[in-house]
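One structure, pasted below without further comment.
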Amino acid sequence: MKFANIIVDISLEKLDRTFQYRVPEELQGILKEGMQVRIPFGNGGRTLTGYVLELTDTCEWDEKKLKPILGLAEKGIRLEGQLIALAAWMRRTYGSTMNQALKTVLPVKKSVQEKISRKVRLAVTREEAEAALAEMERKHQTARVRIIKALLEQTVQDMDYAAAQKELGLTAATARKLMELGLIRIESDTIFRNPVRPSEVQAHPFTLYPAQQAIVEDVAARAAAGDLRPSLIHGVTGSGKTEVYMELIAAVLEQGKEAVVLIPEIALTFQTVLRFYRRFGDQVSIIHSKLSAGERYDQFERARRGEVKVMIGPRSALFTPFPRLGVIVIDEEHEGSYKSENAPRYHAREAAIERARMCGAFVVLGSATPSVDSYERTKEGLYRLYELPLRVENRAMPETEVVDLREELRMGNRSIFSARLKELMEDRLRKGEQIMLFLNRRGYAGFVSCRACGHVIKCPHCDVSLSLHHGGRMVCHYCGYQTVQPKKCPSCGSAYIGAFRAGTQQVAEAAAKTFPGARILRMDFDTTRQKGGYERILEAFSKKQADILVGTQMIVKGHDFPGVTLVGALAADLSLYAGDYRAAERTFQLLVQAAGRAGRGTTPGTAVIQTYSPDHYSIETAADQDYKAFFEKEMAFRRMMNYPPAAHLMALYLMSEDEEALNRGAVRLKALAMSHTRQEIALIGPSDAGLSKLKDVYRKVLYLKCTEMNYLTEWKGWLEAVLPKEKQLSTFNIQFDMDPVNPF
DNA sequence: AGCACGCCGACT
DNA sequence: GTCGGCGTGCTC
């Protein structure tokens with residue numbers, strides 16, 4: 001192999017193409033695809049790192065002009081060829097540069113564990129700078145004057161380098177000259193994050209129930225017969241899915257292959273990880289987002305060398321460089337955290353299926369409340385469905401009661417707790433049993449609803465709830481439709497209409513007031529901020545150091561508290577009207593998972609769902625714990641509105657700090673989109689994003705809807721090609737999101 | 001990103 | 001004419 005196609009590792013993604021280099025004698029036979037190398041680049045003779053994407057004998061360029069590879073990069077980071085192919089697939093499917101895709105798949109992920117920000121500041125006193133400024137003004141050095149003036153005008157000491165580039169047109173040449181003159185300094189900060197330590201190991205006896213055994217045997221038989229379709233295990237909470245995963249993994253390990261287990265977030269399923277440790281001992285390793293670059297690299301290196309056979313972690317564990325990957329398990333496959341929030345915005349489920357396809361592995365998905373997308377695929381025959389409808393040891397499913405909050409209001413009860421919930425709480429406190437209060441707050445903006453009749457103001461075009469923005473405007477996040485907030489309920493005329501807002505703090509305070517003497521713990525984003533915050537609160541609650549645990553969705557996911565016999569979902573509507581098409585699905589999932597927390601021990605449990613919309617199908621079906629009924633209703637809605645999985649929805653996110661420019665850009669992008677669209681594609685928007693401004697960056701979104709994924713991918717490719725030529729659009733950040741899961 | 005090249009206004 | 005800044009385009 002005489003030549004190598006190399007992608008240059010430059011932080012700016014403008015260089016999204018490969019360059020060809022000569023492979024020198026000393027690297028013949030040593031150089032492999034995926035290796036990181038040192039290469040000369042540009043006229044200045046500077047040396048950069050790059051990744052070998054391909055080795056070839058054909059020269060696509062003037063052979064005399066080819067430069068040689070200088071050598072291997074010091075760490076000699078090596079990416080499996082298969083992972084390069086996966087990166088290429090991700091780039092194509094989800095839209096990003098090859099560099100971004102490679103960095104997602106790479107063992108060391110710069111963007112996560114290391115954050116560098118560059119600052120510009122004056123290196124001289126104000127007086128000296130002013131003197132220099134006068135001199136420069138005399139010489140008409142416009143660019144330098146612009147920068148120095150800006151630095152003198154601002155009150156803070158330093159200025160963000162990226163901001164200076166954007167707003168002041170600071171170029172590298174000007175910065176260099178000013179540095180040479182000693183007028184400014186460029187400083188960079190590096191922030192590292194700390195690791196957490198693993199846990200102890202114990203032996204553990206193991207037997208499967210017949211229902212579990214049947215699944216294991218069938219999946220194994222199908223895999224042996226070459227049927228590698230993904231399997232979806234729909235098993236109620238407490239039905240023993242984890243044992244099934246472990247048995248399947250054990251079989252794969254026996255064949256000398258390896259396994260990847262994806263879980264939503266390490267801290268949330270610590271108990272699960274412990275079970276894997278007990279079963280497989282030190283063949284198991286964990287990676288998570290808090291590992292440092294070195295630790296993460298070491299974990300992947302151990303996996304490559306075969307010291308580790310089972311890798312557990314969040315979605316990035318998917319890129320573990322196992323040489324003979326046999327199975328990928330995705331637990332809680334419906335979880336939104338499997339969708340990446342950065343380009344490429346890949347879905348770990350789809351990426352896992354693609355990786356498995358490449359290496360002949362099989363994929364096992366599991367959930368008590370499968371995503372509508374996955375369940376629909378079992379109906380289409382693309383995935384194989386397995387069911388575990390009963391809890392192990394035939395433990396009872398929790399009893400569920402729905403409380404109509406409109407009724408409570410009519411009875412004069414305006415507190416957070418309904419009469420029924422209060423009564424049950426008193427009962428549990430008397431018996432010394434534990435209670436979980438769950439507030440499913442989600443999304444960014446509040447929706448507007450009537451407290452008297454439960455009516456929710458919806459978009460007349462999109463069938464999602466309108467979100468309340470500042471100044472009493474109600475906005476649809478899909479089409480941009482706007483209207484003012486009514487004073488009276490349009491349905492019943494009541495004046496009790498407004499945005500629904502409540503926090504865990506208010507709930508904890510109300511609980512303390514209503515039940516004096518009860519020991520209350522609160523768990524939400526604020527109280528878990530500090531390191532180990534999660535573990536501390538969960539441990540305290542499991543040791544029965546508290547009677548009531550108040551929290552957001554994080555308390556309902558994956559924890560087993562045998563002492564809990566009552567779960568209260570305080571306002572189911574909070575997630576129901578989040579303003580995106582997946583709101584009903586998320587609500588159903590949250591309510592079922594919450595109810596599943598009750599009665600995990602031997603005493604049966606009760607779940608109380610408080611809502612203003614007791615007739616909404618997601619609440620009715622959650623109360624009945626009837627997944628199939630929910631699925632049918634939800635799928636009918638998706639089909640009617642052409643939302644995924646009935647069709648594909650591609651979002652284009654536009655971001656800019658300049659609101660005016662963004663508005664103009666959005667109009668231009670729409671025009672551009674229309675110029676190449678086809679009949680099958682529906683264009684929606686542009687409209688404000690759900691979070692229309694984040695950290696001073698304005699956000700807009702344009703949607704493309706189409707039943708054919710191929711058409712959207714093709715359209716995306718076209719836009720990616722023409723975008724660099726668009727002057728008006730080149731200044732802001734544009735990202736693609738195929739089949740978005742989480743509100744933007 | 002960083003470097004060369006070439007255009008264009010200002011100064012001797 | 002020359003000097004030097006600033007925008008543009010290219011990098012195997």
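A note on names: the letters A, B, ... follow the listed sequences, proteins ahead of strands, and every chain is numbered from 1.
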| CG of A/N5 versus C1' of C/dC12: gap in Å, rounded? |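 That distance rounds to 9 Å.
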| request: May I have the distance from A/F3 (atom CZ) to C/dC12 (atom P), rounded to whole angstrom? | output: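 Rounded to the whole Å, the gap is 15 Å.
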| field | Spacing of A/L53 atom CG relative to C/dC12 atom P, expressed in whole Å | value |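 About 16 Å, once rounded to whole Å.
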| said: Can you see if the side chain of A/K65 gets near the phosphate of C/dC12 - specifically, an N or O under 4.0 Å from OP1 or OP2? | reply: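 Indeed not, no polar side-chain atom of A/K65 lies that close.
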| request: State whether A/D373 and A/R582 are salt-bridged, where the test is any N-O pair (Lys NZ or Arg NE/NH1/NH2 against Asp/Glu carboxylate O) under 4.0 Å. | output: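 Answer for the salt bridge query: yes.
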| So what does A/Y21 touch, heavy atoms closer than 4.0 Å: a base, only the sugar-phosphate, or nothing? |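 The answer is sugar-phosphate, as A/Y21 gets under 4.0 Å only of primed atoms, P, OP1 or OP2.
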| field | Interatomic distance, A/L48 CG vs C/dT11 C1' [rounded to whole Å] | value |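 Computing the A/L48:CG to C/dT11:C1' distance gives 10 Å.
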| Is the aromatic ring centre of A/W61 closer than 5.5 Å to the centre of the six-membered base ring of C/dC12, with the two planes inclined by less than 30°? |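 Given the distance and angle limits, yes, they stack.
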| Distance (rounded to the nearest 0.5 Å) between A/L652 CG and A/L702 CG |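 If I round to the nearest 0.5 Å, the distance is 5.5 Å.
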| Sequence-distant partners of A/K670, salt bridge (Lys or Arg N to Asp or Glu O under 4.0 Å), two or more places apart |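 Result, salt bridge (Lys or Arg N to Asp or Glu O under 4.0 Å) vs A/K670: none returned.
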| Steps toward side-chain contact (heavy atoms from CB on, under 4.5 Å) verdict (A/L649, A/L704) | CA-CA 6 Å; A/L649 185 69; A/L704 277 86; over 6 Å; no
| request: Could you check how far CG of A/N99 sits from C1' of B/dA1, rounded to whole Å? | output: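 Taking CG of A/N99 and C1' of B/dA1, I get 12 Å after rounding.
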| Rounded distance (Å) that lies between atom P of C/dT11 and atom CD1 of A/I7 |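 Atom-to-atom, A/I7 to C/dT11, this comes out as 16 Å.
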| Rounded to the Å, how far apart are A/D9 CG and C/dC12 P? |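 Computing the A/D9:CG to C/dC12:P distance gives 16 Å.
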| message | Between C1' on C/dC12 and CG on A/L55, what's the gap in Å once rounded to a whole number? | response |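 So the two atoms are 15 Å apart, to the nearest Å.
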| message | Suppose we call two aromatic rings close when their centres sit under 6.0 Å apart. Are A/F3 and A/F19 close by that rule? | response |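 Not under 6.0 Å, so no.
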| request: Test A/I69 against A/L31 for side-chain contact (heavy atoms from CB on, under 4.5 Å), laying out the working first. | output: CA-CA 10 Å; A/I69 294 170; A/L31 196 69; 3.6 Å; yes
Identify each atom pair where a protein N or O and an N or O of nucleotides 3-10 of chain C are less than 3.5 Å apart, giving names and distance.
{"unit_1": "C/dG5", "atom_1": "OP1", "unit_2": "A/R144", "atom_2": "NH2", "d": "3.0"}
{"unit_1": "C/dG5", "atom_1": "O5'", "unit_2": "A/R144", "atom_2": "NH2", "d": "3.4"}
{"unit_1": "C/dC6", "atom_1": "OP1", "unit_2": "A/T142", "atom_2": "N", "d": "3.3"}
{"unit_1": "C/dC6", "atom_1": "OP1", "unit_2": "A/A143", "atom_2": "N", "d": "2.7"}

| Once you round to the nearest 0.5 Å, how far does SG of A/C359 lie from CZ of A/F322? |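 That separation rounds to 11.5 Å.
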